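Notes follow the structure.
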Amino acid sequence: IVSSGGATQVREIAAGSSSMGQNMRAAHFGLGQATSADSVTVRWPGGEVQTVTNVAANQSLTIIEPH
């Protein structure tokens with residue numbers, strides 16, 4: 001979930017869709033003219049929620065599920 005300038009975007013990612021396939025695990029969000037996202041929130045399947053704030057635009061961000 002990405003929030004920026006009052007707008008919220010949601011992407012859902014499934015780990016695998018078939019016995020011989022894998023879905024892409026990256027989510028791309030467009031921020032328009034914004035130079036940063038107010039927050040990036042990940043809700044993991046196990047129930048954990050992680051939020052990163054004030055995230056600069058035009059980058060790849062890696063968020064790893066906590067154990």
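The figures that follow rest on heavy atoms only: side chains count, while hydrogens, waters and symmetry mates do not. This is a predicted model, so every value here is computed, not measured.
Side-chain N or O atoms of Gln9 include one that pairs as donor or acceptor with a backbone N or O of Gly30 at under 3.5 Å. Looking at Thr41, its side chain never comes within 3.5 Å of a backbone N or O of Val49 through a donor-acceptor pair. Judged by distance alone, the side chain of Asp38 and the main-chain N or O of Asn54 form no donor-acceptor pair under 3.5 Å.
What you find for Ser4 and Ser36 is that their closest heavy atoms are OG-O, 3.2 Å. Glu65 approaches Gly46 most closely through the heavy-atom pair OE2-N, 4.4 Å. Nearest heavy-atom pair across Ala57 and Ala34 is CB-O, 3.8 Å.
By the rule that hydrophobic residues join a cluster once side-chain heavy atoms approach within less than 4.5 Å of another member, Leu31 and Ile1 end up as members of separate clusters.
By the neighbour-count criterion of 12 heavy atoms within 6.0 Å, atom CD of Glu12 is sparsely surrounded, having that number or fewer from other residues, nucleotides or ligands.
A distance of 13.0 Å separates CD of Gln50 from OG of Ser39, quoted to the nearest 0.5 Å. How far CZ of Arg25 is from OG1 of Thr62: 11.0 Å, rounded to the nearest 0.5 Å. Of the inter-residue distances, the one linking Trp44 atom CH2 with Ile63 atom CD1 reads 7.0 Å to the nearest 0.5 angstrom.
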Evaluate the side chain to side chain contact (heavy atoms under 4.5 Å, CB included) criterion for residues Val2 and Thr8: first the C-alpha distance (whole Å), next the side-chain angles of each, then the deciding distance (0.1 Å), finally the verdict. CA-CA 6 Å; Val2 171; Thr8 301; over 6 Å; no

